[in-house]
Amino acid sequence: MGDEVLGITFHSDNEDLVNVYQFEHFEVMYPQYKNVVPFCADGGGNFYCFDTLHRTKEGNSCNIIFWVSNYEYSELDPPEVTHECLSDFINECIISWTLEKFDYDGEVE
């Protein structure tokens, strides 16, 4: 649900970066653009992805977009940019959402 990042693990369940990339680019009704690399599923069939065409952080990173898998995007209606870089994504979606899930505010008692 947006809190696990795909790795290059070659698991038998096909939930690694390579297999997901292949599937989302070549085996779906609305394939992802060539420059899009899915790295985190939201649990509903959609993905957070690297948009490798839009570089950030002085060229050292790229935008993170949210790709809705059953939607046909266009030039006038592109995927939503959610974060400027992977570290912003990790801070919000991995760390903050996990702390919220466990109702932890970071305060030491």
> Who passes side-chain contact (heavy atoms from CB on, under 4.5 Å) against Gln22, sequence neighbours left out?
Replying inline: Phe26

> Quick one: ring pair (Phe, Tyr, Trp, His ring centres under 6.0 Å) partners of His25, sequence neighbours excluded?
Replying inline: Tyr21

> Taking all atoms of both residues into account, what is the closest heavy-atom pair of Pro38 and Cys49, and its distance?
Replying inline: CA-SG, 3.6 Å

> Do Pro79 and Tyr73 touch side chain to side chain, with heavy atoms closer than 4.5 Å?
Replying inline: yes

>> Hydrophobic clustering (ILVMFWY, side-chain heavy atoms < 4.5 Å, transitive) - are Ile65 and Leu53 grouped together?
In response: no

Tell me which donor-acceptor pairs under 3.5 Å the side chains of residues 27-36 have, and how far apart each pair is, sequence neighbours excluded?
| residue | atom | partner | partner atom | Å |
| --- | --- | --- | --- | --- |
| Asn35 | ND2 | Asp51 | OD1 | 2.6 |

> Taking side chain as C-beta onward, heavy atoms only, is Leu17 less than 4.5 Å from Val37?
Replying inline: yes

> If you look at every heavy atom in Cys85 and Thr56, which pair is closest and at what distance?
Replying inline: CB-OG1, 4.3 Å

>> Suppose we screen for side-chain contact (heavy atoms from CB on, under 4.5 Å). Which residues come up paired with Ser69, at least two apart in sequence or across chains?
In response: Glu24, Asn46, Phe47, Trp67

> Do the side chains of Tyr71 and Phe23 join up, straight or via other hydrophobic residues, at under 4.5 Å, putting them in one cluster?
Replying inline: no

> Does Leu76 sit in a hydrophobic cluster with other residues, and if so which ones, taking ILVMFWY side chains as linked at heavy-atom separations under 4.5 Å, directly or through other members?
Replying inline: none

> Can you list every pair that meets salt bridge (charged side-chain N to carboxylate O under 4.0 Å, His left out) and has a residue in residues 75-88, with sequence neighbours left out?
Replying inline: Lys57-Glu84

>> Rounded to the nearest 0.5 Å, what separates atom NE2 in His83 from atom CD1 in Ile90?
In response: 10.5 Å

> ring pair (Phe, Tyr, Trp, His ring centres under 6.0 Å) with Phe50: which residues, sequence neighbours excluded?
Replying inline: Phe39

> Can you tell me how far the CG atom of Leu86 sits from the CD1 atom of Ile64, to the nearest 0.5 Å?
Replying inline: 5.5 Å

> ring pair (Phe, Tyr, Trp, His ring centres under 6.0 Å) with Phe66: which residues, sequence neighbours excluded?
Replying inline: Tyr48

> Where do Asp16 and Asn19 come nearest, in terms of heavy atoms and distance?
Replying inline: OD1-N, 2.9 Å

